Structure formats: C-alpha cells, structure tokens
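These notes concern the structure reproduced below.
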Protein chains: 4
Amino acid sequence: MAAPDRRTRILDAAEGLFAADGFDATPTARVAEAADVPKGLVFYYFPRKIDLLLTLLQERLPTPTPDILAGVIRRGDPAGSLLAMHRRLGLEDHDSLMLRTVIFRESGTHPEVRSHLRQLRRSLVELTEAALDQAVEWTVARTLRRQAAETFVSVMLDHANAHRAGGALPDVSGAAAVVALAVGAPRPASG
Amino acid sequence: MAAPDRRTRILDAAEGLFAADGFDATPTARVAEAADVPKGLVFYYFPRKIDLLLTLLQERLPTPTPDILAGVIRRGDPAGSLLAMHRRLGLEDHDSLMLRTVIFRESGTHPEVRSHLRQLRRSLVELTEAALDQAVEWTVARTLRRQAAETFVSVMLDHANAHRAGGALPDVSGAAAVVALAVGAPRPASG
Amino acid sequence: MAAPDRRTRILDAAEGLFAADGFDATPTARVAEAADVPKGLVFYYFPRKIDLLLTLLQERLPTPTPDILAGVIRRGDPAGSLLAMHRRLGLEDHDSLMLRTVIFRESGTHPEVRSHLRQLRRSLVELTEAALDQAVEWTVARTLRRQAAETFVSVMLDHANAHRAGGALPDVSGAAAVVALAVGAPRPASG
Amino acid sequence: MAAPDRRTRILDAAEGLFAADGFDATPTARVAEAADVPKGLVFYYFPRKIDLLLTLLQERLPTPTPDILAGVIRRGDPAGSLLAMHRRLGLEDHDSLMLRTVIFRESGTHPEVRSHLRQLRRSLVELTEAALDQAVEWTVARTLRRQAAETFVSVMLDHANAHRAGGALPDVSGAAAVVALAVGAPRPASG
DNA sequence: AATGAATGAGCTTTCATTCAT
DNA sequence: GATGAATGAAAGCTCATTCAT
C-alpha cells in the first residue's frame, strides 16, 4: 500500500478537521498543515474552500445501497436487524458518520450541501424499508412500513447529529425495539 | 404596545439572524444593523458575541413543562396526543423552534451551549412520557414507555433540525402513529 | 477618621491601578469599579483620563524637601546616611514610589508629565547634596559633590524603575558605599 | 546595497516607532504604513504584535560582549575608560539605545520582555567589572568592584531611560569620575 | 505542476468620552 | 450635582484567495 497521494492527504485532513471543529472554524491553512502539504496546494486542487467539502461529499459519502444489508438481517427479528444495519452503517466507516454530522451543520449555510442531505435521508429510508421487509415474516402495510422506516431514520440521524453535540445519546436500540413493535413484532413478556 | 427597548430589539435581531444564517456566519455588525442600533450598543449589553446566544437560550428557550400538556391530550388517542403536543411545542412559539435549530448547530462548536441542548432533550423526554401516560388507557411497561418517548423526541428534534436543512421533512405524524402502535394502540384496519 | 470622599477614592484607585498595570492599560471603567463609584463620576471630576494622572502628580507627589533629612543623617557616616535617606523616601510613602514608576513610563508619551519628572530629579539631587553635606565631616569639592549626588540619584531612580521591571534590583546600599568612598569616606579594612 | 526586504522594513519601522511613541501607543497599522507595506503583511511575518517587539529584542539587541572593550580601555584611567565604554555601547549603535528604552518601559507590562532586561543588566555589570579590572593598575576588592560596576550600570540605564523622558540627562561622565574615585583613582587637584 | 509570500476585507472587541436626565 | 446608557473610532487579528515564479 503506497503512501496516499497529496490530494488524498488533503481530503483526509479536511474530513477529520471539518468533523471535529466544523467547516467554518477550520482554516484552509490548518488543513494544509495537517496534510503536511504547502498551503498553495490546497487551492491548487480545490479552488474554493467549499470545494473541499463538496468533494468530500461526492467521493466519500456513497449512498448506502441495499447490499450492505447482506448478512445483517435476521429474519423474524426486525429489532435486531435494524440495530445491526445501524451498526454496519456507522461502524463500517466511522468517518462517514462524522461527515454526516458536517453536512447537517452546513446544509443550512451552503445550499450545495442540501441535496446531499436530502438524498442521504431518502436512501436511508429506502434501506430501512428493505431491511424491515426482509426481517419480518408477516405482511406490513405499505404506509406503516414507510412510517416505521422514517421514524428509525430520524433516530439514526438524530443519533449521528447528537454525537458531536455531546451528552446523552438517543437510544438507538430502544428505537429499534419500538419500531419493531409497531410493525407487529411479538410483544416480549412484560418487563 | 410600547416600542420594544433596544436591548430587546438586539435580541430579536440576533434571534432571527442566528436562526437564518447561523451564529458564526452572523457578524455582530449585522445584528446591530438589523436592530437599528449603533454597533457599540450590542457590546454594551452583550460584552462577548457568545453572550448574545447564551442570553437567547436563557431568556427565550424555556424548558417545556408538563402544564403545556393541558388540553392537548386526548385519552385513548396516544398518536393524536403526541402530535398535538408537538404542535403546541413548535407552533405556539415559532421562534423557539428556530432557536432550537441554532443550539443544535452550535452545541458542537460552543461548549456552553451543550448543557442547554442536553436539558432540552431530557425535559422533552419527560414531557413525552407524561403525555403517553395520560393518553393511554392501559398499562405500558416502564422501559418501553421510556424507549417510545425517546424515539418520538428524536423525531421531533430531527424534524426541528432538518427544518433548516431544507428538503423532505421527517413525518412527525407518522412517527406518532408508530410510537402509539408500539405502546399498544389498537391497530387500525389495514391500509 | 471619616470615610474618604468619592473623589479621593477615585484617586486612590487610580494610583494603585496605574502603578500596578500602567496608565494606558487601565481603563477608566476599572478605576470607577475599584473606587466603587459610578463610571460617570470619574469623568465628572476628571474630564480627561490624563487629568487623573496629572492630579495624582500634583497632589500626591510632593517634592521631597530637606526636612525629611532630619533624624536620618549620621554625621561621619555618609554611606549610612544616604541609605537612610533612601529608606525614608521610599518607605515613608510606598505609593509615591509606585507613582514615580508611573511617571517614568508615561513621561515619554505624555508631555505634561515630563516636567514633574525633571523636577523630581532636580530636587532629589539637591536633597542628596544636602545629605552629603551634613554627613561628611570634611570638605568636598562642589563639583564632586554634585556628581556624587547625581550618581546616587540615578541609582535610586533606576532602583524605583527596575522595581516593577522585575528581576535583580540594583544594589542601593552598594551604591551608597561607592558614593561615600568617592567623597572621601575612609576606606574600610580590605575585604 | 540592495533595498532591504520587506520584513526588514517592517522591523525598521517598528523599531523607530516603538522607540519614539512607545509600544502600546503604536498601532500595527502605523508600522505597516511607515514600512510602506500592506497591513496584512505585518501579521504575516509577526502573528502577534508582541512578536514584533520580541523579534526586535532577539535580533537587534545583542548582549554586549567583552570584546567591545578592545581599544577603549585606557590603563590607569578608569573614569575615561568607563566613559569610553559607555560611548561605545551607546553611540556605536544608536538604535539599540532606543530599543533599550523600549524594553525598560515594556518590561513591566510585558513579562516576556523582562528576561531580556535582566540579562542586559547582568551582562552590563560583567562588562563594567571587566572594564574596571583592565583599567586600574592596583587591586580592587571583589565586593567593591562589583558595587562600583553596579552603580555605573544604574547610571547608564538611568541615562538611557531618561533620554526619552526628556529634560536633564544624568551626567554619565560625572558618575564615571565618582566610580573611579571609589575604586581608588588618584584624587585630582581640588576644583 | 506547485508554491508560499502577499493581500485586504472583514471580524470581534475595547474604551474614552458624551449627554439626557 | 450625578449618573449610566450610549457611541463610534480604532485596535489587533484572521483568512480565503491570488499570483509571480
């Protein structure tokens, strides 16, 4: 594995710093410093600062596709399946989670970022619907399935978003259980 | 109705601009301009820029208390009750919704803001639990009730947060239905 | 002893703060705060900030007069006498020493302060000449006496000035010995 | 002699302005203007204003070393030798005299400057001791030599300091005579 | 292709001074 | 006589961006 080229090093540095400190709070000079490249090179590859963020979104925030569900769905266990999907989404690529945090924060200020967020939400909903479909052994009404998926996606995004905000993280596994019940999973013995 | 004093005008201006453009992206000079006061006056009342935000949080973001549930809960209709609660929280005071958006975005960058966000989440969870309690006519396990409440709070916060991000808003009413089902509401005729 | 009036309290506060932090680095607001008076009152009594300093010099930096030599001169012991004089100058009024430090620093920037410094030096020289006169039992040439006095005054001022600058203080007692030798004091047994 | 580079021009301008008006009273903008460079360039080379002063001290205030005594000491004439040394210290490099004035004034306010002042005093004392050693043809007690040196250094520093304060300069040549007498120079015929 | 010196607009903040009451 | 809200000029500093080399 050769040393990453300098363009890649710049993107690596930007990804980490944007996630940690925020886009606005990160001077391009610090990106260059963290990437150990001359300052001019950053602007050679990315003429405007926003291009750093845009490139990150395009190259490093792939739309999650249904194939990541392979192996994580346990038929008959929707709650466990949703949780496993969430884990796969987040753990497979920790930085992309951070990047999602960034787009949340910047989507208001930088219109170019919005469509990425919209699309991310849309494909997460589709992914979750697919996961539910594969996990339940009974039939779920189309509308309910959509609502359940959207609910879980909100929790996942809130989780990602709250991650940096610090403090009590929302309980994803609880939400998985709630959603599973809603789509008809058998109610466990009272606890 | 007397003209609001100048300190109030400054806070009004800051609230609107912070919500619209973000805290960091709003120069104090523009706050002064929007409030139609000289630049120096902003710093007379709020020595540091962050004090503007902090004051906004303290004076304008009251912790939601259980009494706002009065009159919105319909016993036997948890979904409708949650939705009504959400409407009351958000619509009664449109600006506070914007303010919540702000603290979401700034809580990562400005540590002083975090505790406000944490506390907001905590009291929203308690409020939602109380709403569920009053709305259901049967018994809900303590753990499930908490999970259901946290799920709905995530959706509400995600909704507030996504508001500015633009695009598809998460469907709060769907989430209310999902949560209601999870706590045992009767399943409607299939759709 | 009645509580000092407010004008006095302002001067007290200014004296301490100017000596400790410097004239330029002390905002009038902090003077008011330290004096526990409203900010407007400072400017009521002292229309310009510099008037605070000027008043301090006029009212609190009395020209040292020969009468302070009374009781400190030991005839036949010029070194001891100079040292005692220095002690009397400094200890009698500790704040005035600090004030001298201030005028040193400000005399360059504020022309009004210069004449005070000049006059201080002049009267110190005269005082030291008088002290030498009274302390020696033999005749000292007029020119030498003047040179000896100026030398000792330089050391005293350097001492006052270095006081705040921190670090190794010049050795006033050594200078007293040197000056005494120069005007003919008997050389001690070799050491 | 090529035109000095812009960094040098900035330091030149700062040196003159700091000496003339004081560090605090000199805006960086005026330094830039005097150096005929854009304002941003000052901060490009010297990120904080204090770095201008610190750099000046490091690059332009060399510790005086014993070799500057070469050729100025006249054996048998300590007074003349001290005076020549003083002249060499001050006149050889007029700007460094101004710089010394600056550090005197700023050493109270800017702690980073103190050590420079301490070190300057220390090495001046050592230099003066060496000068006395080489100038006298007889033996001087170690303690007396140190006291004599410190006395003369105080006079030199007071002289440098008083320079800007305006008005009567202390008489360095008189002090040289006094110190010479103290260390045993033959007393001239009465004057 | 690559660089780093250079730039200037714009930011937050400070504070002596004014003045209506 | 007293006051404290009000003001605005000016300060130090940041930084995206440009461009000669």
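Not measured: the values here are computed from a predicted model. In what follows, chains carry the letters A, B, and so on, assigned in the order in which the sequence lines appear, proteins first and then strands, with residues in each chain numbered from 1.
Atom-to-atom, CG of C/Asp24 to C1' of E/dT14 comes out at 13 Å; the value is rounded to the nearest Å. Computed from coordinates, the D/Glu33 CD to E/dG8 C1' distance equals 16 Å when rounded to whole Å. Nucleotide F/dA11 holds its P atom 12 Å from the CG atom of D/Asp21, rounded to whole Å. When the C1' atom of F/dG12 is taken as reference, atom CZ of D/Arg30 falls 14 Å away, rounded to whole Å. With rounding to whole Å, C/Asp36 atom CG is found 15 Å from F/dA2 atom P.
With a cut-off of 3.5 Å on both pairing distances, the Watson-Crick or G-U wobble partner of E/dT7 is F/dA16. Nucleotide E/dT13 has F/dA10 as its partner under the Watson-Crick or G-U criteria, with both atom distances under 3.5 Å.
A cation-pi contact links D/Lys49 to D/Phe23, judged by a cut-off of 6.0 Å to the six-membered ring centre and 45° from its axis.
Across all strands shown, A/Arg6 has heavy atoms under 4.0 Å from sugar-phosphate atoms exclusively, and none from any base. Across all strands, C/Lys39 comes closer than 4.0 Å to base atoms (heavy-atom distances). Contact annotation for D/Phe46: no contact, since no heavy-atom pair falls under 4.0 Å across all strands.
When the nucleotides E/dT17, F/dT17, F/dT14 are ranked by their closest atom to the side chain of A/Phe43, F/dT17 comes out on top. Checking F/dT17, E/dT7, E/dT12 against every side-chain atom of D/Tyr44, the shortest atom distance belongs to E/dT7. Of the candidates F/dA2, E/dA2, E/dT7, E/dA2 carries the atom nearest the A/Leu41 side chain, counting heavy atoms from C-beta on. For D/Tyr45, the side-chain atoms get nearest to E/dA6 when compared with the rest of E/dA6, F/dT17, F/dG12.
A distance of 8.0 Å separates OG1 of C/Thr28 from CG of C/Leu52, quoted to the nearest 0.5 Å.
Scanning both residues, C/Ala13 and C/Ala34, for their nearest heavy atoms gives CB-CB, 3.8 Å.
For A/Thr28 and F/dC15, the shortest distance from a side-chain N or O to OP1 or OP2 is not below 4.0 Å.
Comparing D/Thr26 and C/Pro38, the nucleotide of DNA chain F nearest to each residue sits closer to the 5' end for C/Pro38. Mapping B/Pro27 and B/Gly40 onto DNA chain E by nearest heavy atom places B/Pro27 at the nucleotide closer to the 5' end. Along DNA chain F, the nucleotide closest to B/Val37 and the one closest to A/Pro47 are compared, and the more 5′ of them pairs with B/Val37.
Contact annotation: the side chain of C/Leu54 approaches that of C/Val113 to within less than 4.5 Å [non-hydrogen atoms, C-beta and beyond].
By the 4.0 Å N-to-carboxylate-O rule, C/Arg60 lies close enough to C/Asp12 to be salt-bridged with it.
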